[in-house]
Each structure stands twice: as structure tokens, then as C-alpha cells.
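Sequential numbering from 1 along the given sequence is applied to the chain's residues.
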Amino acid sequence: MRDVVIAGGGPVGLFLATELALGGCSVLVLERDEEVTSPYRALPLGLRGLSAGSAEAFYRRGLLEAVINASGADAKKVGAAPDAIEAPGPRDVSHFAGMGLDAADIDVSALPFRLSSPAMEGFMTSLEAVSTVMAERAIALGVNILRGAPVIAVTQDDESVTVTAGGQEYQARYLVGCDGGRSTVRGLAGFDFVGTDPLFTGYVARVTFADPQQLPLGFNLTPNGMYLRTPFEGHLGMMDFDGGTFDRSKPLTREHLQEVLRRITDTDVTLTDVQLASSFTDRAMQVTTYRKGRVLLAGDAAHIHSPLGGQGLNLGIGDAANLGWKLAATATATVHGTAPEGLLDTYTRERYPVGAAILDWSRAQVATMKPGPNAPALRQLVHELLSTTDGTTLAYRKTTGLFNRYELGSAQPLVGCTAPDFCFEDGTRLGDLLRQGRGVVLDFSGDHALQRVAKSWEGRIQYAAGTARNDLGFSALLIRPDGVVAWADDHAPDLEAFQQAANRWFGSPQN
């Protein structure tokens with residue numbers, strides 16, 4: 001009997017596995033593919049963007065440097081200067097349906113509670129780079145990864161889940177499906193998956209052009225669709241507004257890709273060879289709940305949408321960070337008895353609205369690109385709005401991953417948000433304190449009363465006190481293992497309020 005079985009050994013499944021292992025769980029990852037590497041996960045087809053929020057999640061587990069190095073990114077462009085007291089202005093902002101935005105137009109005063117951090121910006125990576133780093137960390141933490149083991153059956157009762165994969169049965173207290181947009185676990189467990197039908201078939205391919213000079217680099221919207229060329233040699237993306245009818249319906253031949261490309265670009269461009277190609281759609285779907293009994297979903301298994309804006313991987317990493325510590329506490333509660341009642345139910349309550357908002361953000365982008373007389377007018381209006389300071393700031397808040405707020409029932413505006421990277425005078429940062437996946441109390445008050453109370457949750461909550469380089473006006477804060485602020489006070493710490501928050505997220509205190 002394992003604590004948790006995870007179906008899917010991609011970045012989301014492996015990130016979740018490391019979170020569970022940090023929480024003391026025995027974890028088995030079942031991965032369908034036999035091979036560790038795949039050309040579809042490597043550059044250029046595996047190219048993905050990590051948001052600042054995802055960079056922050058890796059930083060808080062001591063993995064940011066490894067992910068940056070594996071991605072070939074520049075660490076100086078990701079973090080702030082080590083000794084900076086004030087947070088620098090954002091250096092980068094995403095696009096909206098290919099419409100570029102200028103970070104200089106962001107209103108920094110509308111971005112509250114910011115502090116300098118080694119994780120301030122997003123960066124480009126690949127699925128292979130993230131998976132490699134996470135697999136190494138998972139194995140080091142004792143996670144067992146079994147490849148060539150696609151899940152074919154799932155049954156559950158009140159006590160456990162039984163998973164059949166690779167000709168074997170595996171029993172666990174919980175199963176998490178991280179097995180992608182066409183999730184087998186989602187179907188076998190009977191989750192409702194609802195949303196909107198696609199408008200286009202998308203293509204991503206590595207090709208050889210006979211005449212590449214006909215197609216400029218970048219994001220190119222035309223009256224018949226969209227095509228994208230990146231600096232990677234032969235990297236081609238296309239959106240063909242066919243209602244999604246072609247996706248996976250026929251083989252992706254050179255002739256078909258050339259026909260679509262010529263129609264979209266209105267040129268006679270020639271493809272002499274196609275080395276790799278895959279298709280997708282902008283179908284936007286989400287499960288109605290992220291949990292059914294002892295089966296949970298995360299990442300694309302829980303929600304799918306257009307890749308416009310590069311939100312998919314980041315949304316999945318956010319799911320894993322939110323779920324990991326909660327599931328670890330719940331799965332090990334029979335031994336340690338520390339999980340508060342209803343903790344696991346907060347996963348759907350917190351993450352469903354985030355996923356729904358991303359789906360709508362994706363739908364809005366597609367609506368401005370659809371060929372016909374209406375979309376260009378809508379696109380012009382959106383472009384004008386996004387060209388304002390308020391519009392650029394809104395887009396940054398929507399896409400950076402740093403400004404989601406879970407509704408935790410507190411009027412304090414920082415509660416429910418990701419915590420700023422508070423730094424003590426000795427150089428210790430909140431990110432350093434979160435590496436072991438426990439809760440953290442930051443006490444800037446100089447009053448040891450909070451330490452005495454926090455000691456009742458020793459082993460689940462780490463206490464740290466001292467003078468902060470910039471405390472943003474707070475006297476004390478309780479930070480969940482996922483970096484979310486669970487309680488904060490700007491006066492003498494309210495010990496009763498702290499105890500209520502600690503009980504809610506970390507269970508009953510020790511006797």
C-alpha cells in the first residue's frame with residue numbers, strides 16, 4: 001500500500017511527486033512512455049514559457065538554478081540583484097493573441113506587496129529540461145518512477161485506490177491523474193469534463209523550407225489564420241480555423257501541412273521536408289471538480305485550452321504546488337494524525353477558479369483572431385485598450401502568476417496571495433525557509449509570545465524571527481508550504497487569530 005500513485009511523469013506529475021515526498025509520502029509514478037527523452041519534449045517543439053509564478057515555485061524548493069541551467073536561460077534576467085531592498089520594475093510581459101506589450105507601461109504602484117527576489121521574471125524552457133530536473137529530484141527523494149506503464153483500469157473504495165498499469169495492479173491511498181489533456185484517469189474515474197468546442201486546428205512542426213525568406217519571423221496574423229516562425233531553424237506553428245475538424249483525424253503529411261501553410265500565408269512557400277509534426281486545438285474544457293473520492297486530477301488532466309500565451313504548464317505547476325502539501329498531510333494522517341478536516345477539499349475550491357480564468361483568457365485571445373469581418377474590429381479595440389497603462393498592467397497581473405488570490409475569508413489583502421520574499425538582516429530569505437515544504441512563521445515583532453504558541457505545531461511549522469530588511473509594515477505572518485499567506489498581522493500579533501489559522505491549515509496542535 002503506497003500513499004500516492006501518480007499517473008503521468010511529465011513536469012506536473014514529477015513536481016507533485018517531489019512535493020509529496022517532501023511531506024513524507026511513499027510515491028509511485030506510472031509513466032506511459034518507455035523512453036525518457038522525446039523530440040516532442042525537446043526544443044523546438046517542446047518550447048514552453050515559465051511564468052514568474054512558476055519560477056517562484058521552483059525557487060522555493062531550491063530548484064530554480066537547476067531549471068535555469070537546464071533551460072539555457074540567463075539567471076541575471078530572472079532574479080533581482082541579491083542585495084536589492086526594493087523590487088525592480090518588471091522586465092517582461094506576455095502577449096495577447098500575438099499583440100506585444102511593453103513592460104515599461106506597467107504601473108508598478110498597482111502591484112502591491114512586492115519585494116526583490118531571485119525569482120522575479122519568467123523565462124523560456126522546454127518540457128525536457130523541466131522534466132529532467134524534476135525526475136532527478138524525485139528519485140533523490142525516494143520516488144519510484146516506472147516507465148512503459150500506461151494506466152488501463154482504476155477502481156476505488158472508501159479506503160484505497162487500485163490502479164492497473166503495465167500488467168500489474170498497484171494499491172494506494174490516493175491516485176492523482178497528471179496524464180495530460182487526453183487523460184485516461186479522468187475517463188476511468190468518471191469526471192465530468194465540460195467546456196467549449198474548438199475553432200481551429202493548430203500545428204507545430206519542424207520542417208525544411210525551400211524558400212524561408214517568404215515567411216518573416218514572429219507571430220503573423222493573416223486574413224486566413226495565423227503562422228509563427230521562431231529563431232529555431234525550421235520551427236513552424238500554424239492556426240487553421242477549420243473548427244478543429246482535422247486534429248488527429250488524418251496523418252500529418254508534408255502535403256497537408258504545405259496546403260494549410262499556403263492557404264494561411266497566401267504564398268507559394270514550399271516545404272521540402274517535415275521531420276516532426278503534431279496537431280492540437282483550442283478546445284477549452286475543465287472538470288467540474290478536481291477530486292472524486294480518492295482520485296484527483298492536476299494539470300492538463302483537469303483542464304485544457306489553447307496554448308496562446310503559454311499558460312498551460314504554469315497552470316499545472318500551480319495545481320501541483322497547491323495540492324502537494326495538502327495531499328501529503330492527508331495521505332499520512334493515519335500515521336501522524338495531523339491533517340485538518342476538509343483540507344483536501346480546498347484544492348478544488350482554490351484551483352478551479354484559477355483554471356476557469358485561464359480558459360476564459362484563452363478564449364478571449366482566440367476570439368480576436370478568427371477570420372471574418374468581426375474579429376478585426378474586436379482586435380483593434382483590444383489592442384487600443386492593452387496599449388494603455390491600465391491595460392498593460394492588467395495583462396501582466398493576469399499572466400505573471402504572482403497575483404492570484406485565494407479567498408481564505410480574511411479582509412487582510414495579503415492573505416490568500418503568494419508571499420513576498422521577505423529577507424532578514426542576516427540574509428535569510430523566506431524562499432530558503434520554505435525548501436523543506438513546511439509552513440513558516442515570520443515574526444518581525446520582537447515579541448516571543450508567538451514563538452511559544454507556534455511551538456505547538458513544531459515539525460509542521462518552522463518559526464523564524466528577527467528584523468526584516470523590509471517588512472512591508474507587517475509584524476508577523478503565517479505562510480503555507482505552497483508560499484501562500486494564511487495569516488498576517490500589522491500590529492502586535494493576535495495570538496488567537498494565529499492559532500485559528502494554524503489549526504485550519506496544519507491541524508490540531510501537539511499536546
Side-chain angles (χ1 to χ4, degrees), residues 47-57 73 77-78 80 87-114 117 119-125 196 199-200 202 218-221 226 228 230 237 239 282 284 286 303-318 351 353-370 374-406 413 416-418 420:
L47 182 69
R48 297 293 187 274
L50 282 179
S51 69
S54 294
E56 185 179 64
K77 295 182 178 179
V78 175
R91 292 191 292 263
D92 191 21
V93 63
S94 185
H95 66 86
F96 183 91
M99 290 180 273
L101 301 167
D102 189 348
D105 291 334
I106 295 173
D107 179 7
V108 177
S109 66
L111 309 176
F113 306 122
R114 296 179 73 244
S117 167
M120 298 294 294
E121 303 285 341
F123 56 95
M124 301 308 296
T125 186
T196 51
L199 296 179
F200 69 74
F219 190 103
N220 298 275
L221 188 65
M226 184 281 294
L228 169 69
T230 71
M239 287 167 45
D282 61 313
Q286 188 177 23
H303 37 68
I304 59 173
H305 56 85
S306 157
L308 285 168
Q311 295 295 303
L313 175 58
N314 298 298
L315 187 56
I317 294 296
R351 292 304 296 175
V354 179
I358 293 296
L359 264 63
D360 281 345
W361 188 252
S362 171
R363 292 182 181 112
Q365 292 181 79
V366 175
T368 70
M369 303 173 69
K370 183 180 180 181
N374 297 324
L378 176 61
R379 187 176 179 85
Q380 179 61 34
L381 174 61
V382 172
H383 177 71
E384 291 175 2
L385 292 172
L386 290 177
S387 296
T388 66
T389 297
D390 287 346
T392 304
T393 304
L394 173 66
Y396 179 73
R397 291 178 65 98
K398 288 279 190 180
T399 58
T400 190
L402 295 176
F403 298 99
N404 295 324
R405 184 172 189 251
Y406 302 137
C417 298
T418 186

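Judged purely by atom type and a 3.5 angstrom limit, Arg351 uses its side chain to pair as donor or acceptor with the backbone of Leu315. Ser362 places no side-chain N or O within donor-acceptor distance of the main-chain N or O of Ile358, the cut-off being under 3.5 Å. The backbone N or O of Tyr396 lies less than 3.5 Å from no partner atom in the side chain of Thr400, so there is not a single donor-acceptor pair. A distance-only check finds no donor-acceptor pair linking the side chain of Arg91 to the backbone of Glu121 [under 3.5 Å]. Of the possible donor and acceptor atoms, one in the side chain of Ser51 sits under 3.5 Å from a partner among the backbone N and O of Ser54.
The shortest side-chain heavy-atom distance between Thr393 and Leu111 falls under the 4.5 Å cut-off. Contact annotation: the side chain of Pro88 approaches that of Met120 to within less than 4.5 Å [non-hydrogen atoms, C-beta and beyond]. Using a 4.5 Å cut-off on side-chain heavy atoms (C-beta onward), Leu308 and Met369 make contact. Side-chain contact between Leu50 and Asn314 is present, with heavy atoms from C-beta onward closer than 4.5 Å.
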Practice task
Report the C-alpha separation of Tyr406 and Val354 in whole Å, then their side-chain angles, then the decisive distance to 0.1 Å, and conclude whether the side-chain contact (heavy atoms from CB on, under 4.5 Å) test is met.
Solution key: CA-CA 9 Å; Tyr406 302 137; Val354 179; 4.0 Å; yes
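For the atom pair CE of Met239 and CG of Leu199, the computed distance is 9.0 Å after rounding to the nearest 0.5 Å. To the nearest 0.5 angstrom, Leu402 atom CG is 5.5 Å from Glu56 atom CD. We find the CD1-CD distance between Ile304 and Gln286 to be 10.5 Å, quoted to the nearest 0.5 Å. The CG atom of Asn220 sits 8.5 Å away from atom CE of Met226, with the distance rounded to the nearest 0.5 Å. Atom-to-atom distance recorded for Arg363:CZ and Thr368:OG1 is 15.0 Å, nearest 0.5 angstrom. Taking CG of Leu385 as the reference point, atom OG1 of Thr392 lies at 10.5 Å (rounded to 0.5 Å).
The two atoms that bring Leu386 and Gly391 nearest to each other are CD2-O, 3.6 Å, heavy atoms only.
A donor atom on one side chain and an acceptor atom on the other are not found under 3.5 Å apart for Gln365 and Ser306.
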Pairs of donor and acceptor atoms involving the side chains of residues 94-109, under 3.5 Å and at least two apart or interchain, shall be tabulated with distances.
from   : atom 1 : to     : atom 2 : distance (Å)
His95  : ND1    : Gly98  : N      : 2.9
Asp102 : OD1    : Ala104 : N      : 2.9
Asp107 : OD1    : Ser109 : N      : 3.1
Asp107 : OD1    : Ser109 : OG     : 2.5
Asp107 : OD2    : Ser109 : OG     : 3.2

